J.: 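Quick one: this structure, given as structure tokens, is what I'll be asking you about.
Values below: all heavy atoms of this structure, side chains included; hydrogens, waters and symmetry mates excluded. Because the structure is a prediction, the values reported are computed rather than measured.
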Amino acid sequence: MGPDPHLKWVVLAMVAAQLLVCHLVRDLAWKWVLFWAYAFGGCVNHSLTLAIHDISHNVAFGNRQAKWNRWFAVIANLPIGMPYSASFKKYHIDHHRYLGGNHLDVDIPTDFEGWFFCTPFRKFLWLILQPLFYVLRPLYVNPKPISRMEIYNALVQFSVDFLLYHMCGLKTVVYLLAGSVFCLGFHPISGHFIAEHYMFMKGHETYSYYGSLNLITFNVGYHTEHHDFPSIPGSRLPLVRQIASEYYDGLPQHQSWVQVLWDFIFNEELGPYSRIKRKCKLARAG
């Protein structure tokens, strides 16, 4: 456990790379702006959301520098185009504390989602619309007061968006926003959203994936290990599996996030309802 000294430099390099690409795409035709948003920019932005996930566990600067982690997450947020990091932190704590908790874990699809998105085409549409549901679902399922950090996050983000628009034009802002929407929706990397907690085997709630896409997703595929030890940085989760292989190697695991998406769409037994939902008692503060 403890901070990852390399994480901040990796994140800063990714943010810088996206800002450089913003300069490069400003004179491209719209079709190429959207192509590169899906093929490259969205992959970087999705990876940055997973960096924010790691940072939300205070692994960039450690638990003693919690505010540094919050503000660094705001920096990691910049290429995503919309304020995200502060709200994610607020709700992600509940995901770990009340996994599958009804009206507490906002990763759980609503009853409407489970009822309506039940055919292959509708499930495909649901995957495309994942960014929308991730934004709106918390406001319906478990609304919370807007925090001061969320206001700061929004002010910084929209200021940078306006600055990019003023300096480089509309295409740069569309490149960033479209990339985030594309790659948080129907995209191979987004297979982890389904792979992590949907019940592909009855009774098994959390699954790991040990494939190559972990290299660009801060090892989010090591998800069973992460839920066992959320304070361990993603970069060290392979070591957790190595040390305790007798506990992890025999558990159900996914071999491919693309296969996960295929099975989710075409397997009649899988859908938004394929989550364990439980009633949880609120933890007492202190």
Side-chain angles (χ1 to χ4, degrees), residues 3-22 24-25 34-61 69-70 72-89 92 95 107 127 130-131 134-135 153 157 160-161 164 172-196 208-223 225-226 230 232-238 254 256-258 260-261:
D4 177 354
H6 304 296
L7 178 60
K8 56 183 174 292
W9 305 115
V10 173
V11 169
L12 288 174
M14 295 169 67
V15 172
Q18 278 291 68
L19 295 178
L20 174 61
V21 174
C22 283
L24 297 176
V25 302
L34 297 177
F35 170 80
W36 287 114
Y38 187 91
F40 177 77
C43 298
V44 177
N45 282 4
H46 196 134
S47 185
L48 283 170
T49 68
L50 297 172
I52 290 170
H53 165 257
D54 245 18
I55 297 166
S56 74
H57 291 285
N58 293 335
V59 301
F61 297 97
N69 288 283
R70 300 292 81 74
F72 188 64
V74 171
I75 295 174
N77 194 147
L78 295 179
I80 295 171
M82 291 293 290
Y84 165 83
S85 62
S87 298
F88 176 83
K89 167 67 177 177
H92 190 62
H95 172 67
D107 276 1
L127 292 172
Q130 276 295 290
Y134 267 90
V135 169
N153 187 187
Q157 184 63 56
V160 171
D161 289 346
L164 284 171
T172 59
V173 179
V174 171
Y175 163 77
L176 295 176
L177 290 172
S180 297
V181 172
F182 289 160
C183 279
L184 291 171
F186 187 72
H187 191 276
I189 298 177
S190 292
H192 78 86
F193 288 130
I194 307 301
E196 291 165 358
S208 285
Y209 156 81
Y210 302 120
S212 58
L213 287 178
N214 280 300
L215 295 173
I216 60 172
T217 57
F218 296 91
N219 288 324
V220 74
Y222 288 75
H223 214 68
E225 293 85 346
H226 171 64
I232 293 181
S235 61
R236 298 179 191 150
L237 290 177
H254 292 294
S256 165
W257 283 340
V258 173
V260 164
L261 294 174

J.: Quick one: does any side-chain atom of Asp4 pair with a main-chain N or O of Ala60 as donor and acceptor, under 3.5 Å?
T.: no
J.: Could you work out, with side-chain contact (heavy atoms from CB on, under 4.5 Å) as the rule, every residue matching Asp161, not counting sequence neighbours?
T.: Gln157, Phe158
J.: Which atom names give the shortest non-hydrogen contact between Pro79 and Leu48, and what distance separates them?
T.: CG-CD1, 3.6 Å
J.: What distance separates Ile232 CD1 from His226 NE2, expressed to the nearest 0.5 Å?
T.: 10.5 Å
J.: For the residue pair Tyr134 and Phe193, is the inter-centroid distance of their aromatic rings smaller than 6.0 Å?
T.: yes
J.: Val11 and Ala51: which non-hydrogen atoms are nearest, and at how many Å?
T.: CG2-CB, 3.7 Å
J.: Let me check something: any side-chain donor-acceptor pairs from residues 215-222 under 3.5 Å, sequence neighbours excluded? List them with distances.
T.:
unit_1	atom_1	unit_2	atom_2	d
Thr217	OG1	Leu213	O	2.8
Asn219	ND2	Gly234	O	2.8

J.: For Tyr84, is there any backbone N or O sitting under 3.5 Å from a side-chain donor or acceptor partner on Ser87?
T.: no
J.: Under the 3.5 angstrom rule, does the side chain of Gln18 hit a backbone N or O of Gly41 as a donor-acceptor pair?
T.: yes
J.: Please work out which of the three classes, parallel, tilted or perpendicular, describes the rings of His192 and Trp257, given edges at 30° and 60°.
T.: tilted
J.: If every non-hydrogen atom of Pro3 is compared with every non-hydrogen atom of Pro233, which pair is closest and at what distance?
T.: C-CG, 4.3 Å
J.: Let me confirm one number: the OG1-CD1 distance from Thr49 to Ile55, rounded to the nearest 0.5 Å.
T.: 10.5 Å
J.: Taking atom OG of Ser235 and atom NE2 of His6, what is their separation to the nearest 0.5 Å?
T.: 7.5 Å
J.: For Gln130 and Ser190, which I'm curious about, is there any donor-acceptor pair between the side chains at under 3.5 Å?
T.: no
J.: When the side chains of residues 180-187 are checked against the rest of the protein, which donor-acceptor pairs come out under 3.5 Å, sequence neighbours left out?
T.:
unit_1	atom_1	unit_2	atom_2	d
Ser180	OG	Asn45	ND2	3.0
Ser180	OG	Ile80	O	2.8
Ser180	OG	Leu176	O	3.2
His187	ND1	Ile189	N	3.2

J.: Quick check for you: to the nearest 0.5 Å, what is the distance between Ser208 atom OG and His254 atom NE2?
T.: 9.0 Å
J.: About how many Å separate CD1 of Ile75 and CD1 of Ile52, when rounded to the nearest 0.5 Å?
T.: 11.0 Å
J.: Do any N or O atoms from the side chain of Asn77 and from the backbone of Met82 form a donor-acceptor pair under 3.5 angstrom?
T.: yes
J.: Hey, mind stepping through Val10 and Met14 against side-chain contact (heavy atoms from CB on, under 4.5 Å) and telling me if it holds?
T.: CA-CA 6 Å; Val10 173; Met14 295 169 67; 4.0 Å; yes
J.: Got a donor-acceptor contact below 3.5 angstrom from the Tyr209 side chain to the Ser212 backbone?
T.: yes
J.: With a 4.5 Å heavy-atom cut-off, do Leu19 and Leu164 have their side chains touching?
T.: yes
J.: Which label fits Phe72 and Phe61: parallel for a plane angle under 30°, tilted from 30 to 60°, or perpendicular past 60°?
T.: perpendicular
J.: Hey, what's the ring geometry for His95 with His223, parallel, tilted or perpendicular (30° and 60° as the breaks)?
T.: tilted
J.: Of all heavy-atom pairs between Cys43 and Ala39, which one has the smallest distance, and what is that distance?
T.: SG-O, 3.5 Å
J.: Kindly give the heavy-atom pair with the smallest separation between Ser56 and Lys89, and that separation in Å.
T.: O-NZ, 2.6 Å
J.: Roughly how far apart are Ser85 OG and His53 NE2, rounded to 0.5 Å?
T.: 14.0 Å
